[in-house]
Every structure is written in C-alpha cells, then in structure tokens.
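Encoded as structure tokens, the structure appears first; notes follow it.
Note that the numbering runs from 1 along the sequence shown for the chain. Start at 1 and go down the list; that is how both ligands and their atoms are numbered.
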Amino acid sequence: MSTEAVFEFIETESQHQEFLTSIENLKGQRGAQMPALQEAQRIYGYLPIEILKRLSKELALPLEELYSTATFYAQFTFVPKGEYTISVCMGTACYVKGAGDILDSFSTELKIAPGETTEDRKFTLESCRCIGACGLAPVLTVNEEVYGRLSKKKADKVLVTYLKKE
Ligand code: FES
C-alpha cells in the first residue's frame, strides 16, 4: 500500500495525556510551533491531521502554517512508522555491492515504495545514507539491528524472518 493509504488515527490514553501536558507547557510561548510539532511527532510517531488541527486550535496557529512547516522539514512525517523500520543503506560502498537490488526486492515483496509504510503498519521501508559500516557492505538495518555482507538471497532471508514475526 502506498502513502496514499489513509491510516486510521489511533490514540492511547497515555498519548492523549502526554500531548495535553505538552500543549499546556507551550501555550502562550513565542516560537511554539517547532517544539509543538516535535512533541507531537515524538508522542505519536508521526503527525496525524487530527493532531495538527488540535495544535492549531490550542495554540492559535493557522493550520496551513503548521502544515507547511511540517512539510518543509524532513524530520516530520505524515505517515505512521511501522513496527519494523527497514533501512537499506544506499551509500556508495553499499550501492556498488547491490543495495539497489535489495531495496527493489523488498519494495516488491512489501508492495510499498521507499518512504512508505505497509497498511498493517508492520513495516516501513527506507533508504538511507552511509551508516558508517562500509566494511560490511551492503548493509541494512531493521530498527536497531544491523545486517551486513548481504547478498540479495541473504537479505530476502532477513525479510522473511520479520515477515514471520507476529
Ligand atoms: S555505504 Fe553503506 S555503510 Fe557506508
């Protein structure tokens, strides 16, 4: 599924409370926009439109302004992250050793493009710059786990391991 997918906004009670506390602390402060967006993303993992609307109302900031700031900075995302974020290194050392094929293969298998999250929110697929492990090229990470010296076959095995996880 692509980023076109509409992800249902789900909020836990503790997220809700944490969000309210953050907003209370930022109310009336000058330059509250960036910290408010950062707090929202930290709490929810992305910026759902429902949250942007709440921020707009509570902090009296135009929704368009919040949206355009969130769009401008790469640190913000409107798409929820999956349980497992797979980052395929596309730095030079990894690229020349076939990282592009691995990324393509994962993209086909998961039916999402890099930067997207599967509809069940299990996987987010990303490409990244050199992570400083060129000696292990080609390299990918799944959350904090690093997998190196991959062939396409080995990489597919890594993916299958995570596909099998509940
Ligand atoms: S290029 Fe991939 S780890 Fe350096």
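In this structure, Ala137 does not count as a contact residue of ligand 1, since none of its heavy atoms falls inside 4.0 Å of the ligand.
In summary, the atoms of ligand 1 found under 4.0 Å from a heavy atom of Ile131, numbered by their order in the structure, are 3 (S). Distances below 4.0 Å separate heavy atoms of Ala93 from the following atoms of ligand 1: 1 (S). Remark: ligand 1 atoms within the under-4.0 Å shell around heavy atoms of Cys130 are 1 (S), 3 (S), 4 (Fe). The atoms of ligand 1 that sit less than 4.0 Å from any heavy atom of Gly91 are 1 (S). Those atoms of ligand 1 that come under 4.0 Å of a heavy atom in Ala133, given as number and element, are 3 (S). Close approach of ligand 1 to Cys94 (heavy-atom distance below 4.0 Å) involves ligand atoms 1 (S), 2 (Fe), 3 (S).
Applying the 6.0 Å contact sphere to CZ of Phe78 captures more than 12 heavy atoms from other residues, nucleotides or ligands.
Comment: Glu11 engages Arg54 in a salt bridge, judged by a side-chain N to carboxylate O separation of less than 4.0 angstrom. Using a 4.0 Å cut-off between charged nitrogen and carboxylate oxygen, Glu8 and Arg121 do not count as a salt-bridge pair. Salt bridge present: Glu39 and Arg42 bring a charged side-chain N and a carboxylate O closer than 4.0 Å.
Checking Cys89 against atom 2 (Fe) of ligand 1, an N/O/S atom falls under the 2.8 Å cut-off.
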I would like to know whether Ile102 and Leu140 meet side chain to side chain contact (heavy atoms under 4.5 Å, CB included); could you show each step before the answer?
CA-CA 9 Å; Ile102 293 171; Leu140 66 80; 4.0 Å; yes
Derivation and outcome, salt bridge (charged side-chain N to carboxylate O under 4.0 Å, His left out), residues Glu50 and Lys53
CA-CA 5 Å; Glu50 292 83 353; Lys53 284 180 183 167; over 6 Å; no
